[in-house]
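Since the structure comes first, as structure tokens, the remarks are kept for the end.
This one's a predicted model, so the numbers in the text were calculated from it and none came from an experiment.
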Amino acid sequence: MVDEPLIRDVSDTARWMAAYRAQETERDDAAFKDPFARALAGERGERIAEAIAKVGDYSWPLVARTYLFDRYVTRLVKAGVDLVVNLAAGLDTRPYRMELPASLRWVEVDLPDILDYKESVLADAKPVCAFERVRLDLTNEDARRGLFDRLGRSSQNAAILSEGLLIYLMPQAVGALAEDLARPASFRHWIVDIANPPLVEMMKQQAGGATQMAGAPFLFAPVEGPPFFTPRGWAPAEVRTMLKAAGKIGRLPLMMRPFALLPESPTPSAHMPWSAVCLLARGN
């Protein structure tokens with residue numbers, strides 16, 4: 001009998017991420033709290049995190065990524081965003097765990113299986129704001145355009161999240177998604193995370209085998225960094241690296257701490273691993 005792969009499909013990467021959020025939540029100095037993460041990760045998520053830890057430390061950049069996304073969401077909502085659309089939401093629980101106004105609308109979009117699983121685990125939990133789940137394959141361009149048009153008409157000032165999504169898409173698919181998101185006039189902000197080619201190559205060597213076998217290879221690593229989005233209708237408004245964020249919250253490994261003292265780099269190095277969370281704004 002052939003052993004079942006560690007990561008069976010892309011949805012298992014959401015369990016992996018939930019395991020890291022659970023570990024962070026249980027720290028005395030937690031940068032954020034996700035009381036649902038341990039249950040959502042389940043035994044499989046724990047096993048994936050333990051296995052990946054043997055080949056590379058992915059906990060600190062992913063904790064930093066969650067921290068940065070949280071900060072941008074908080075800031076944008078305070079500035080008047082009335083709708084948040086979370087693409088490939090996976091096991092994200094922000095509408096349950098964050099302090100958000102009851103008047104905010106939150107829409108999460110992902111494949112049916114992962115949303116069904118999350119819905120069953122969170123059956124007794126209540127979101128803090130108006131909430132909608134949309135079961136949709138984002139590679140279906142006609143379906144996603146229809147969704148974006150519907151949501152765009154119902155909002156004055158929307159923010160889009162795509163945490164952990166773009167790295168699994170080909171560059172042309174990312175470009176097409178960016179153009180579709182630029183269609184509704186009310187879609188004004190987009191928060192993305194990106195990595196450069198040296199980091200993605202390192203990730204492929206360390207954990208890429210497991211994700212490749214699951215049909216979720218690491219693909220998107222624009223050489224130019226955030227300016228990739230500019231001709232597709234989105235201008236980089238702010239860029240925060242995982243390195244600096246992890247240094248700020250005290251999660252960097254000892255040997256990497258000196259690098260966090262260097263100035264923030266809004267564009268990637270051609271030779272050194274680089275990753276960042278970017279706040280994009282609608283271009284002209």
Side-chain angles (χ1 to χ4, degrees), residues 14 21 32-36 65-111 114-115 118-119 122 125-138 140-166 174 176-194 226 229-230 232-240 277-284:
R21 294 201 306 275
F32 55 82
K33 293 288 188 181
D34 185 349
F36 310 100
R65 184 179 79 183
T66 299
Y67 166 79
L68 288 169
F69 267 80
D70 281 5
R71 286 176 62 86
Y72 278 131
V73 167
T74 297
R75 197 172 92 194
L76 290 173
V77 169
K78 286 182 177 179
V81 159
D82 59 16
L83 169 67
V84 175
V85 183
N86 191 358
L87 303 180
L91 300 180
D92 174 69
T93 63
R94 288 187 175 92
Y96 294 85
R97 67 174 177 83
M98 291 184 68
E99 292 185 10
L100 301 169
S103 60
L104 178 71
R105 293 175 56 225
W106 191 289
V107 177
E108 63 177 27
V109 185
D110 212 328
L111 297 170
I114 192 67
L115 292 186
K118 178 161 65 171
E119 199 166 71
L122 299 180
K126 301 296 182 186
V128 300
C129 57
F131 182 68
E132 178 185 354
R133 283 196 179 98
V134 176
R135 290 159 171 81
L136 184 145
D137 184 344
L138 286 165
N140 183 330
E141 296 184 359
D142 288 340
R144 79 185 185 207
R145 287 176 190 144
L147 174 65
F148 296 166
D149 288 345
R150 172 175 74 83
L151 295 176
R153 290 192 300 269
S154 67
S155 169
Q156 297 297 315
N157 185 6
I160 314 302
L161 313 183
S162 58
E163 183 180 11
L165 167 64
L166 302 188
V174 176
L177 176 62
E179 291 168 2
D180 286 350
L181 286 171
R183 286 164 43 121
S186 62
F187 284 12
R188 300 183 185 176
H189 323 273
W190 185 15
I191 310 171
V192 305
D193 59 286
I194 61 173
F229 298 94
T230 302
R232 281 95 178 171
W234 295 93
E238 196 170 300
V239 179
R240 294 287 178 259
V277 172
C278 313
L279 173 62
L280 306 175
R282 285 292 292 271
N284 295 326

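Between Glu132 and Arg150 there is a salt bridge, since at least one side-chain N of the basic residue sits less than 4.0 Å from a carboxylate O of the acidic one. Using a cutoff of 4.0 Å between basic side-chain nitrogens and carboxylate oxygens, Glu238 and Arg71 are not scored as salt-bridged.
Dense packing is recorded around CD of Glu119, with more than 12 heavy atoms of other residues, nucleotides or ligands lying under 6.0 Å away.
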Note to self: Is there a side-chain contact (heavy atoms from CB on, under 4.5 Å) between Asp137 and Leu111? Walk through the geometry before answering.
What the structure shows: CA-CA 6 Å; Asp137 184 344; Leu111 297 170; 3.9 Å; yes
Next item on the list: Just do the side-chain contact (heavy atoms from CB on, under 4.5 Å) check on Met98 and Val128 with the steps written out, would you?
Entry: CA-CA 8 Å; Met98 291 184 68; Val128 300; over 6 Å; no
Check: Given Asp180 and Phe187, is the side-chain contact (heavy atoms from CB on, under 4.5 Å) satisfied, shown in steps?
Finding: CA-CA 10 Å; Asp180 286 350; Phe187 284 12; over 6 Å; no
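Residues passing the ring pair (Phe, Tyr, Trp, His ring centres under 6.0 Å) test with Tyr96, sequence neighbours excluded: Phe36, Phe131. Shown here are the side chain to side chain contact (heavy atoms under 4.5 Å, CB included) partners of Ala176, two or more places apart in sequence or in another chain: Glu141, Arg144.
With hydrogens and angles left out, the side-chain atoms of Arg21 and Thr93 include no donor and acceptor closer than 3.5 Å.
With Leu147 as the partner, the side chain to side chain contact (heavy atoms under 4.5 Å, CB included) test is satisfied by one option alone out of Leu138, Leu87, Val134: Val134. Tested against Trp190, the residues Phe69, Trp234, Tyr72 include a single ring-ring contact (aromatic ring centres under 6.0 Å, His included) partner, Trp234. Under the side-chain hydrogen bond (donor to acceptor under 3.5 Å, both in side chains) rule, Glu108 has a single partner from Arg135, Arg94, Lys118, which is Lys118.
Here Leu76 contributes atom CG and Asp82 contributes atom CG; the two are 11.5 Å apart, rounded to the nearest 0.5 Å.
Between the Asp110 side chain and the Gly90 main chain, a donor and an acceptor come within less than 3.5 Å of each other.
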